[in-house]
Amino acid sequence: MLLKRLKPYLRWFVLGATVLFLLRTLHDHWQGVLSLRLAENGLVLLLAALTVTLAAHAWSGWVWSWLLRGLLRGAGQELEELQIPKGWAIATYLRTNLAKYLPGNIWHFYSRLQACQTVSIPLPIALLSIVLEPLLMAAAALLVASISYPGWQTLALLPILIGIHPQFLNPLYSG
């Protein structure tokens, strides 16, 4: 009961602390920021980097939508049954990904969970999709690394692949 009454104030406290942290960091490093200069092609490279980054994040949002669809189908539901607009997952992923840069590095997961609840995605499915998404990213990175440089990466990939295998995951999910 006390937590419910304090929750709105806690949000403002976290927001205020975050803003103060960012302002303090900017104040402490302002001279270093002012001394930075772009090379001749710096703006073109920045725009190219921004384009590649946005495309990568949009792709990750699309993959997250596949993950949600698969988990919902496994639970006997369809996204259309829940009346989720097309592109919702990508837009939500992109919007919530900005919260990744707040102190704590969990707010993007929390925001996705909240967004899933607003469109009536069941809590277990939302949680599982949020947990599986970084595991699948780590597995993809380790797979690329193990193809490029065979070695310990392959050994690190095995526990992740075992952990997300349906024979291991389904009993946890359904139980």
Side-chain angles (χ1 to χ4, degrees), residues 10-72 79 84-119 121 125-161 163-164:
L10 183 62
R11 287 180 184 169
W12 284 108
F13 175 76
V14 169
L15 178 66
T18 302
V19 169
L20 285 175
F21 171 78
L22 292 173
L23 288 174
R24 176 63 191 231
T25 302
L26 187 60
H27 178 266
D28 290 349
H29 300 286
W30 185 247
Q31 293 302 321
V33 172
L34 287 178
S35 68
L36 295 174
R37 298 287 177 245
L38 288 177
E40 287 179 27
N41 61 348
L43 190 58
V44 172
L45 291 175
L46 280 174
L47 288 174
L50 178 65
T51 303
V52 169
T53 300
L54 283 175
H57 285 301
W59 173 258
S60 296
W62 196 17
V63 170
W64 184 55
S65 76
W66 292 346
L67 192 56
L68 280 170
R69 273 193 177 86
L71 292 170
L72 286 167
L79 285 177
I84 298 172
K86 289 209 181 285
W88 172 86
I90 296 171
T92 299
Y93 189 91
L94 290 174
R95 187 175 54 255
T96 60
N97 206 51
L98 294 173
K100 180 189 293 187
Y101 303 103
L102 294 175
N105 198 19
I106 60 159
W107 301 110
H108 58 299
F109 296 131
Y110 178 75
S111 299
R112 284 186 203 134
L113 185 63
Q114 293 292 319
C116 285
Q117 289 179 330
T118 62
V119 293
I121 293 176
I125 290 173
L127 280 172
L128 189 57
S129 75
I130 290 167
V131 169
L132 282 176
E133 181 246 332
L135 283 175
L136 291 171
M137 282 190 182
L142 285 170
L143 181 64
V144 169
S146 66
I147 290 170
S148 304
Y149 305 102
W152 68 267
Q153 296 90 342
T154 308
L155 292 176
L157 179 61
L158 289 175
I160 294 174
L161 292 178
I164 62 175

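One distance of note links CG of Leu47 with CG of Asn41; it measures 11.5 Å at 0.5 Å rounding. The structure places CG of Leu46 at 5.5 Å from CG of Leu38, a figure rounded to the nearest 0.5 Å. A distance of 11.0 Å separates CG of Leu23 from CZ of Phe21, quoted to the nearest 0.5 Å. Atom-to-atom distance recorded for Asn97:CG and Thr92:OG1 is 11.5 Å, nearest 0.5 angstrom. The distance from atom CG of Leu72 to atom CZ of Arg69, rounded to the nearest 0.5 Å, is 9.0 Å. In this structure, CG on Leu26 lies 8.5 Å from CG on Leu22, to the nearest 0.5 angstrom.
Evaluation of the salt bridge (charged side-chain N to carboxylate O under 4.0 Å, His left out) rule for Arg24 yields Asp28 as partners, not counting sequence neighbours.
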Distance-only donor-acceptor hits, side chain of residues 127-142, under 3.5 Å, sequence neighbours excluded:
| residue | atom | partner | partner atom | Å |
| --- | --- | --- | --- | --- |
| Ser129 | OG | Trp64 | NE1 | 3.2 |
| Ser129 | OG | Ala126 | O | 2.8 |
| Glu133 | OE1 | Arg112 | NH1 | 3.1 |
| Glu133 | OE2 | Tyr93 | OH | 2.9 |

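Between the Ser148 side chain and the Ala145 main chain, no donor and acceptor come within less than 3.5 Å of each other.
Using a 4.5 Å heavy-atom threshold, the side chains of Trp107 and Thr18 count as separate.
Counting only residues at least two apart or in different chains, ring pair (Phe, Tyr, Trp, His ring centres under 6.0 Å) contacts with residues 29-59 comprise Trp59-Trp62, Trp59-Trp66.
In terms of heavy-atom proximity, Leu157 sits nearest to Ser146 at CD2-OG, 4.4 Å.
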